[in-house]
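Only one structure is covered here, and it is reproduced in the block below.
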Amino acid sequence: TIDKYVTVNGTVHLIIGAKYDLGTKNITVPEGATLHVHEASGVSGASLNLNAINLKSESSNVYIHGGTVNATGPIGTTGVNDFGDVVIYGGTITAKNIGVGATDFGDLTANLVGIYGGNITVNTDTYLVPAIGMTGGDIKTIEIHNATVSAKKLPVKGTASDNVTPVIGI
């Protein structure tokens with residue numbers, strides 16, 4: 001278990017060789033930084049569990065090259081920052097409460113949300129919109145190839161509205 005928030009500086013290659021659990025912590029990718037997440041070869045059952053991968057500017061990027069990534073928040077943005085690329089080259093990716101490359105607030109821009117294989121699931125049990133792509137901004141390019149993707153609204157906890165339509169695309 002990693003018990004601190006993680007900030008990427010420069011270009012970082014994170015190799016998933018075991019179960020890494022950041023709990024409620026985020027990986028922040030600031031302006032000009034790039035995060036690559038890789039699955040170690042020959043390792044089964046390895047995963048990265050965290051709250052979110054937050055991209056902070058149009059020059060912030062994340063590339064996932066396989067493995068299992070489970071986020072209880074977005075992989076992309078929380079709705080306050082533009083971002084660069086969110087690209088997935090396979091693996092099993094789950095993002096809860098917003099999604100992959102997604103925002104539920106404002107008029108933000110992003111360069112690319114690309115999914116080129118894998119099983120990608122986004123869902124929410126809150127008022128937020130589960131999305132692969134974006135729900136309130138502009139993505140220059142969105143591509144999905146050779147992948148299984150799903151966006152699902154779960155039963156809402158508390159008093160939040162359940163009039164939410166999942167989004168795949170823009």
Side-chain angles (χ1 to χ4, degrees), residues 6 8 10-22 25-30 32-79 81-104 108-124 128-152 166-170:
V6 176
V8 171
T11 298
V12 172
H13 291 265
L14 174 62
I15 310 299
I16 303 172
K19 288 188 178 183
Y20 295 110
D21 189 356
L22 274 70
K25 304 298 188 256
N26 301 336
I27 296 177
T28 299
V29 184
T34 299
L35 172 64
H36 293 268
V37 178
H38 304 269
E39 179 178 39
S41 61
V43 174
S44 64
S47 64
L48 174 63
N49 303 302
L50 72 163
N51 182 52
I53 298 175
N54 289 322
L55 303 179
K56 295 295 187 180
S57 81
E58 284 190 72
S59 62
S60 301
N61 307 292
V62 62
Y63 300 92
I64 299 173
H65 305 269
T68 299
V69 177
N70 299 305
T72 56
I75 298 173
T77 184
T78 56
N81 299 101
D82 296 339
F83 62 93
D85 298 342
V86 174
V87 180
I88 298 170
Y89 296 105
T92 301
I93 315 301
T94 303
K96 185 175 179 184
N97 297 330
I98 300 184
V100 174
T103 179
D104 197 31
L108 306 178
T109 61
N111 186 42
L112 168 67
V113 172
I115 299 173
Y116 307 103
N119 296 302
I120 292 70
T121 302
V122 299
N123 56 54
T124 185
L128 298 170
V129 177
I132 295 172
M134 192 176 285
T135 65
D138 180 35
I139 297 175
K140 295 173 186 167
T141 305
I142 182 167
E143 297 181 344
I144 301 174
H145 302 279
N146 301 318
T148 301
V149 297
S150 66
K152 184 165 77 170
V167 174
I168 297 177
I170 298 175

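We're numbering straight along the sequence, starting at 1.
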Does any donor atom in the side chain of S47 or N49 lie under 3.5 Å from an acceptor atom in the other side chain? yes

Could you check whether T28 and N54, counting side-chain N and O atoms only, form a donor-acceptor pair closer than 3.5 Å? no

If you take all heavy atoms of [X] and [Y], which pair is closest and at what distance?
| X | Y | result |
| --- | --- | --- |
| L55 | D85 | CD1-O, 3.7 Å |
| G67 | I93 | O-CD1, 4.3 Å |
| A40 | G17 | CB-CA, 3.9 Å |

Could you tell me the separation between the [atom1] atom of [X] and the [atom2] atom of [Y], rounded to the nearest 0.5 Å?
| X | Y | atom1 | atom2 | result |
| --- | --- | --- | --- | --- |
| Y63 | T11 | OH | OG1 | 9.5 Å |
| I64 | T92 | CD1 | OG1 | 11.0 Å |
| Y116 | I144 | OH | CD1 | 9.5 Å |
| H38 | L48 | NE2 | CG | 12.5 Å |
| H36 | L14 | NE2 | CG | 11.5 Å |
| N51 | N26 | CG | CG | 4.5 Å |

Does any non-hydrogen side-chain atom of L50 lie less than 4.5 Å from one of V69?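 Yes - at least one pair of side-chain heavy atoms lies under 4.5 Å apart.
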
Any side-chain heavy atom of T68 within less than 4.5 Å of one from I16? no

Do S60 side-chain atoms and A33 backbone N/O form a donor-acceptor pair below 3.5 Å?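 A pair under 3.5 Å: no.
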
Is the backbone N or O of S59 less than 3.5 Å from a side-chain atom of S57, with the two atoms forming a donor-acceptor pair by type?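 Checking the backbone N and O of S59 against the side chain of S57, a donor-acceptor pair under 3.5 Å is found.
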
Are V29 and N61 close enough, and set up right, to give a side chain to side chain contact (heavy atoms under 4.5 Å, CB included), and what steps lead you there? CA-CA 7 Å; V29 184; N61 307 292; 5.9 Å; no

